[in-house]
Trainee: 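This is the structure I have questions about; it appears just below.
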Amino acid sequence: MRRAIKSSILVVVAILVIGLVLLRASGKPEAPRQPIEFDHWQHVTKEGDEAPQLECTFCHENVDKSSHATIPNIATCMGCHDSIKTESPEVQKLAAFAERKEQPPWKRVYWLETEAHAFYTHKPHIRAGIECTTCHGQIGQMHRVRREVDQTMGWCMDCHRSRSVSVDCYVCHR
């Protein structure tokens, strides 16, 4: 009897440990480390003579033209950083990617789950004047981008309803 109880306890503990490990492994990082520690605050919000105060569309230039907001091409970054802050270790990493004619392997922070079978495009949202912060949070304040907005179907539906936009299934699911 004692042996059965010990075995049962061990099995329950093992299941809990395995469950926690799997849960942690499948979780998405809220603020993944990037190959270059790009500081949005430094580029968007910082004030002063040397602060560029860039608009999101300066770097994510295809957001209003393409179905996806593109991550900046290395040439866009080096357009400024071939002569600005060249002593910075992060800019030196950037320059090394440029020399090798490679794009940094950026890690996505926002995405739609494949299981959602949802089609999303930034174009109509940009044309409707929706601010980037509505869906992505205060990225301009962030030193490292983290997922701040939980973009669930319910969240999208609430937004569409509040703006009197179609909530027909075919708008997002094709």
Trainee: Using the rule that two of Ile, Leu, Val, Met, Phe, Trp, Tyr join whenever any of their side-chain heavy atoms come within less than 4.5 Å, decide whether Tyr110 and Met142 are in one cluster.
Mentor: yes
Trainee: If you round to the nearest 0.5 Å, how far is CZ of Arg127 from CG of Asp64?
Mentor: 7.5 Å
Trainee: Would you tabulate the side-chain donor-acceptor contacts of residues 114-122 under 3.5 Å, counting partners in other chains and residues two or more places apart, or write 'none'?
Mentor:
from: Tyr120; atom 1: OH; to: His125; atom 2: ND1; distance (Å): 3.4
from: Thr121; atom 1: OG1; to: Lys123; atom 2: N; distance (Å): 3.4

Trainee: Roughly how far apart are Cys159 SG and Ile130 CD1, rounded to 0.5 Å?
Mentor: 5.5 Å
Trainee: Determine, step by step, whether Val44 and Gln53 satisfy the side chain to side chain contact (heavy atoms under 4.5 Å, CB included) criterion, reporting the C-alpha distance in whole Å, the side-chain angles of both residues, the deciding distance to 0.1 Å, and the verdict.
Mentor: CA-CA 4 Å; Val44 177; Gln53 295 188 327; over 6 Å; no
Trainee: Tell me whether Asn62 contacts the main-chain N or O of Lys65 through its side chain, where contact means a donor paired with an acceptor under 3.5 Å.
Mentor: no
Trainee: If you round to the nearest 0.5 Å, how far is CZ of Arg161 from SG of Cys156?
Mentor: 11.0 Å
Trainee: Should Ile71 and Leu112 be counted in the same cluster of Ile, Leu, Val, Met, Phe, Trp and Tyr side chains packed under 4.5 Å apart?
Mentor: no
Trainee: Output the distance between atom CZ (Arg144) and atom CD1 (Ile139), rounded to the nearest 0.5 Å.
Mentor: 14.0 Å
Trainee: Please round to the nearest 0.5 Å and tell me the distance separating atom CD of Gln103 and atom CD1 of Ile74.
Mentor: 5.5 Å
Trainee: Any idea how His43 and His81 line up, ring-wise: parallel (<30°), tilted (30 to 60°), or perpendicular (>60°)?
Mentor: perpendicular
Trainee: Looking only at non-hydrogen atoms, find the nearest pair between Glu148 and Gln138 and report the distance.
Mentor: OE1-N, 2.8 Å
Trainee: Which pairs would a plain distance check flag for residues 87-98, meaning a side-chain donor or acceptor within less than 3.5 Å of a matching protein atom at least two apart in sequence or in another chain?
Mentor:
from: Ser88; atom 1: OG; to: Glu90; atom 2: N; distance (Å): 3.2
from: Ser88; atom 1: OG; to: Val91; atom 2: N; distance (Å): 3.4
from: Glu90; atom 1: OE1; to: Glu37; atom 2: N; distance (Å): 2.8
from: Glu90; atom 1: OE1; to: Lys93; atom 2: NZ; distance (Å): 3.2
from: Glu90; atom 1: OE2; to: Lys93; atom 2: NZ; distance (Å): 3.0
from: Gln92; atom 1: NE2; to: Thr86; atom 2: O; distance (Å): 3.4
from: Gln92; atom 1: NE2; to: Glu87; atom 2: O; distance (Å): 3.4

Trainee: Can you tell me which residue pairs pass the ring-ring contact (aromatic ring centres under 6.0 Å, His included) test with a partner in residues 137-174, sequence neighbours excluded?
Mentor: Trp41-His143
Trainee: So which atom in Arg163 and which in Thr134 form the shortest heavy-atom distance, rounded to 0.1 Å?
Mentor: NH2-CG2, 4.1 Å
Trainee: Can you tell me how far apart NE2 (His40) and CG (Leu54) are? Round to the nearest 0.5 Å.
Mentor: 10.0 Å
Trainee: For Gln34 and Val109, work out which heavy atoms get closest and say how close.
Mentor: NE2-CG2, 4.1 Å
Trainee: Provide the closest heavy-atom pair for Pro35 versus Trp106 in the form atom of the first, atom of the second, distance.
Mentor: CD-CE3, 3.9 Å
Trainee: Give the minimum heavy-atom separation between Glu61 and Thr76, together with the two atoms involved.
Mentor: OE2-OG1, 3.4 Å
Trainee: Looking at every heavy atom in both Val149 and His136, which two are closest together, and how far apart are they?
Mentor: CG2-C, 4.0 Å
Trainee: Transitively linked via ILVMFWY side-chain contacts under 4.5 Å: Val167 with Met153?
Mentor: yes
